[in-house]
Amino acid sequence: MAAKAQKLTKTIESRTDNLLEVREFVLRAARVFGFSEEEASKIVLAVDEACTNVIKHAYQFAPDREIEIVIQPVKDRMQITVIDDGKSFNPSIAKLPDLKQHLSHYRRGGLGIYLMRTLMDKVEYKYAPGKKNEVRLTKYLTASEPSAQG
Amino acid sequence: MADFKVHQRDGEGVSVIDLKGYLDAHTAPDLENAFQKLLNDRKFNIVVNCRELTYISSAGLGVFMAFIEDVRKNKGDIKLSNMSPKVYNVFDLLGFPILYEIFKDEQEAVVRFRAQLKP
C-alpha cells in the first residue's frame, strides 16, 4: 500500500543554484503521490518556472531572500504553493502571448508563464503588495494514476 | 561538481556544441557565453547536440531565442539534434520546432548545413 502523502514545506534562499534542490524535492513528492514520471516532470518544470520568476522578478536577483514551497496533497490533486515577500507581479492579468507571434519576434520573456499554464491544470495568483505573493499550481491525478492518499 | 557542461567541437564549416546535464536559470549563462564566443569568432553554423541534456527550463530555451536572430542575420543557423523525448516535449510545447530545425542525429544536421553551404 502506498504511503499517505503528507504536506511538505521547503524554504530556500533566492538563488538559482537552489533550483536543483527544489526540483528534487518536488519530484520526490510527485512520485510518492502517484504521478507518472511524465506528469511528475511537468510539475517539476512548472515549479522551477515559478521559483525562477520569483528570483528574477519579485526579488530581482537579490540572493538572500526567502522562497517557501508548500506541497499540499488534496485527494485527487497536488497543490504546490510558491510564496515570496518581494515585489508583486501578477501575470494572470497579463494577456497570454500568441506563441507563434511571440516566437517570430524572437522574444524570450514570458515563456515561463506560458509553460506553467500549459503544464499544470490550474495556476492561481494571490498577492498582498509589500507583504506576500503566492502562486498556487494545481495538478490532478489522471484516472490511470492511483492516488497515494488514504 | 559541475551539473552542466558545454563543450565545443569545430568541424569543417560547422561548430558543434555538446550539452550535458541540466539547463536552467542557473546554468543558462554558461550556454550564453558559449554562443557569444562562437559569434565573436564569426562561427555562425552551429549544431547543438542535446544527447546528454537531461533537463531544460524556459531560461535555457531563452538562450536559443537570444542568439538565433544574430546568427541568421549572418547567414548561419542554430540546428538542434539528439534530444531525449522529455527535452523535446519542452521545445515542442513552446512551438520551437517552427523556428528551429531539430534532427534525430547530429550527422543529419551537419549534412544539412553542408548542403546549404554548397555554392
Side-chain angles (χ1 to χ4, degrees), chain A residues 12-24 26-27 36-61 63 67 82 91 96-120, chain B residues 1-5 20-33 35-36 39 44 50 53-74 76-78 80 83-102:
Chain A
I12 58 155
E13 285 193 329
S14 50
R15 300 192 314 267
T16 54
D17 61 340
N18 287 324
L19 290 171
L20 178 62
E21 190 185 332
V22 171
R23 292 197 297 267
E24 286 171 349
V26 174
L27 181 62
S36 67
E37 283 302 299
E38 195 184 337
E39 293 298 289
S41 295
K42 290 179 184 174
I43 299 168
V44 166
L45 178 54
V47 178
D48 176 323
E49 298 294 346
C51 291
T52 299
N53 276 345
V54 169
I55 293 169
K56 276 189 190 172
H57 302 295
Y59 291 143
Q60 299 179 320
F61 293 102
I67 304 175
V82 176
L96 201 62
D98 177 323
L99 198 59
K100 209 170 167 181
Q101 208 185 21
H102 199 75
L103 291 178
S104 66
H105 288 87
Y106 302 109
R107 293 197 190 115
R108 64 191 294 191
L111 297 178
I113 291 164
Y114 184 91
L115 271 182
M116 280 195 281
R117 292 197 200 172
T118 308
L119 295 166
M120 302 300 284
Chain B
M1 192 181 73
D3 298 302
F4 179 68
K5 279 186 184 167
K20 183 176 184 177
Y22 62 83
L23 182 52
D24 65 359
H26 186 57
T27 59
D30 294 351
L31 181 58
E32 277 185 19
N33 292 340
F35 276 131
Q36 194 56 60
L39 264 64
F44 301 113
C50 303
L53 183 67
T54 53
Y55 175 83
I56 190 161
S57 71
S58 71
L61 293 155
V63 180
F64 293 97
M65 293 300 285
F67 287 93
I68 189 69
E69 201 172 2
D70 276 348
V71 167
R72 287 185 180 158
K73 268 184 195 160
N74 286 283
D77 197 14
I78 299 172
L80 301 140
M83 276 180 202
S84 68
K86 182 184 155 189
V87 167
Y88 179 81
N89 281 343
V90 183
F91 275 89
D92 193 35
L93 272 177
L94 289 175
F96 273 52
I98 298 168
L99 263 193
Y100 298 86
E101 283 189 296
I102 301 174

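Quick note on labels: first sequence line is chain A, next is B, and so on, each numbered from 1. Both backbone and side-chain heavy atoms feed into the values below; hydrogens, waters and symmetry mates do not. Since this is a predicted model, take the numbers as computed values, not measurements.
A:Ile55 does not touch chain B: none of its heavy atoms, backbone or side chain, sits under 4.5 Å away. Heavy atoms closer than 4.5 Å to chain B are found nowhere in A:Arg15, neither backbone nor side chain. There is no contact between B:Phe64 and chain A, counting heavy-atom distances below 4.5 Å.
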Does the side chain to side chain contact (heavy atoms under 4.5 Å, CB included) test come out yes or no for A:Thr118 and B:Leu94, once each step is laid out?
CA-CA 9 Å; A:Thr118 308; B:Leu94 289 175; over 6 Å; no

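Looking at A:Leu45 and B:Tyr55, their side chains come closer than 4.5 Å, going by heavy atoms from C-beta outward. Counting heavy atoms from C-beta on, the side chains of A:Thr16 and B:Asp24 never come closer than 4.5 Å.
In this structure, CG in A:Asp48 is found 11.0 Å from CD1 in B:Ile56, a value given to the nearest 0.5 Å.
For the side-chain contact (heavy atoms from CB on, under 4.5 Å) test, residues two or more places apart in sequence or in another chain that qualify with A:Ser41 are B:Lys86.
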